[in-house]
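Here the structure is laid out as structure tokens; the discussion comes afterwards.
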Amino acid sequence: MKKRVEVPLEDRWNVEALYPDQNAWEKALTTFSSQPHQGLKWPDLQAFQGTFDQGVENVGNALRLMLKIDRDLSKLYTYAHLRHDEDIANPEFKKNYEQILSLAHAFAEESAWIQPELMALPDMLLEEYLASPLLSDYHFYLKKMLRMKNHTLSPDNEKLLALSGQALQTSHKTFSALNDADFKFGVIVDKGEEKPLSHATYGLYIRDQDRSLREHAFKKYHHHYDSYENTFCELLSGQIHNHLFQSRARHFSSCLEAALFPKNIDTSVYHALIQAVHEKISVLHRYMELRKRILQLDTLHLWDVYVPLTSSADIRMSYSEAENVIIASVAPLGSEYQEFLKKGLLEQRWVDRYENESKRSGGYSSGCYDSMPYILMNYKSLLRDVFTLAHEAGHSMHSLYSRKHQPYQYSDYPIFLAEVASTFNEDLLTRFLIDRCQDPHEKIFLLNQKIEDIRGTLFRQTMFAEFELLIHQFVEQGTPLTPQLLKHEYRRLNQTYFGPAVFMDKEIEIEWARIPHFYYNFYVFQYATGISAALALSEKVMKGGSQDREAYLSFLKGGSSKYPIEMLKMAGVDMTSSAPVKSAIQTFDRLLSELEQLLDLAIEHK
Ligand SMILES: [Zn+2]
């Protein structure tokens, strides 16, 4: 593998566009925090503390300064973190990165007084300030900041809550320690051969064409969790009691409301998702029946539901082929969009393309207000890599448009919206590749991958969301969580989602014990709403006229200048209704019918 210094320029991202070299960055860093005073790095900002009740201009000036520091800091940070990730073993990069992290921490501390001080202003005065033209640039920004005002307690009580914070993390931390570090699954013996079992190998074995390997892996993995059923039940119960405590302390009517309120997402969005999936669940049952038929099994077990329906080889593409198909696939978004992306990939060097020694693994999109988007890849020519690049490019284009069209304070998009643009572009790529595919085996491969993707992100995450809601409701009603209750409910949900074609093996009852997301406080539903919004929007843009495309582009340009649900309404989908989820399931249905036809044809030919 290449060392970092051996990587040719065209394969590297253009960090020099941020700062020409290390020296320039260090110089900028020195200027940035050059006038510390009495232990403070930004005494100018601190000077506003205690002055907010003395005039709206103090609030405006403090916000302007705070955002300016934040913006400069994020530019310095971006450079340090990109350099760090391209060569994690480089001691100089590591030192710089740690330096900037500690500076960011100091800034968070020195600006922490701003929000509570704003919240402490009398309502009348706050109203008056919000109406002032001096704050018009920050109006929505302040409204978001003040959203929790009615759920904020007296300073004494807030202090007490903060003091409990660390102790309340115990359940989640213990789960992670047990699951990620202490657990050893040993080996499985398959056809006389010993194979190591871990989280990573389980993910491979359960998709392996060797059926007995799948069965052994499934059983051994879940038996291990089963022997700790009381421990996992107590941990999960502890976490949910934590959510309940926070929710009641802050006067919310439920844990769900407490989790969604800060983002201004109505609980109806959550319920609409579950309801829509329930109404259309028969399409998932149909997929399971197809699996049973194609795999030619008398009984479709739970270890048979992930294996690919085709054993044909992966589709491979060189990096430059990938660039070209991705650029071609975004044509439905118009020539401006396509040109920006083309320029970014082919000329501006957004992407750090391949693996090198000590480079960070995986892929992501990054950057800041004053930079181009940057994409980290570890491209290896598999179809999965092509989709990763399309996905990250989707994030990057969303960032590019938001930064271009919004002031700094509205240029980031919130988590609820984050995966829409990336998933949208993956869908454009799927459509593009399927349309042009001549080889039926390749087409089956593509369809199968896309169907699995939607199943994992839409159906499975909704099932998780439903389980999560259910167990919170039990605790809210005072019903104690026991392993028996959790197993019973988890089995029932699996039966509902998988349908009659799948045999409910007993081991599935304990699966909840190994899912980290149940500790995240109503997080997973966003995977399902994200893919639903993306698929519904891509269908609209592909079938609709230029006004549908413009609506979608205005969403990309919107950043965080509206609440997420409003932003998606502007794009063309109303997530408080079940329509977008149903539209996404319709896409699943359409792809499934195509796959059915192709597979039946393939069988006839045999
Ligand atoms: Zn993403």
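Start at 1 and go down the list; that is how both ligands and their atoms are numbered.
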Practice task
Using a cut-off of 6.0 Å, state whether more than 12 heavy atoms not belonging to Lys557 lie near its atom NZ.
Solution key: yes
Practice task
Give every residue pair that meets the side chain to side chain donor-acceptor pair (under 3.5 Å) criterion with at least one member in residues 522-531, sequence neighbours excluded.
Solution key: Lys263-Gln526
Handout entry: Cation-aromatic face contact Arg403/Tyr401, 6.0 Å, 45 degrees
Key = no
Handout entry: Results of salt bridge (charged side-chain N to carboxylate O under 4.0 Å, His left out) for Arg460 - residues two or more places apart only
Key = Glu511
Problem - Set of residues satisfying salt bridge (charged side-chain N to carboxylate O under 4.0 Å, His left out) with respect to Arg353, sequence neighbours excluded - result: Asp11, Glu323
Fill in the blank from the handout: Per side-chain contact (heavy atoms from CB on, under 4.5 Å), Asn521 is matched among Gln239, Gln246, His243 by His243
Exercise for the section: Just the protein N/O/S atoms under 2.8 Å from the Zn ion (ligand 1), please, no waters. Expected result: His391 NE2, His395 NE2, Glu419 OE1, Glu419 OE2
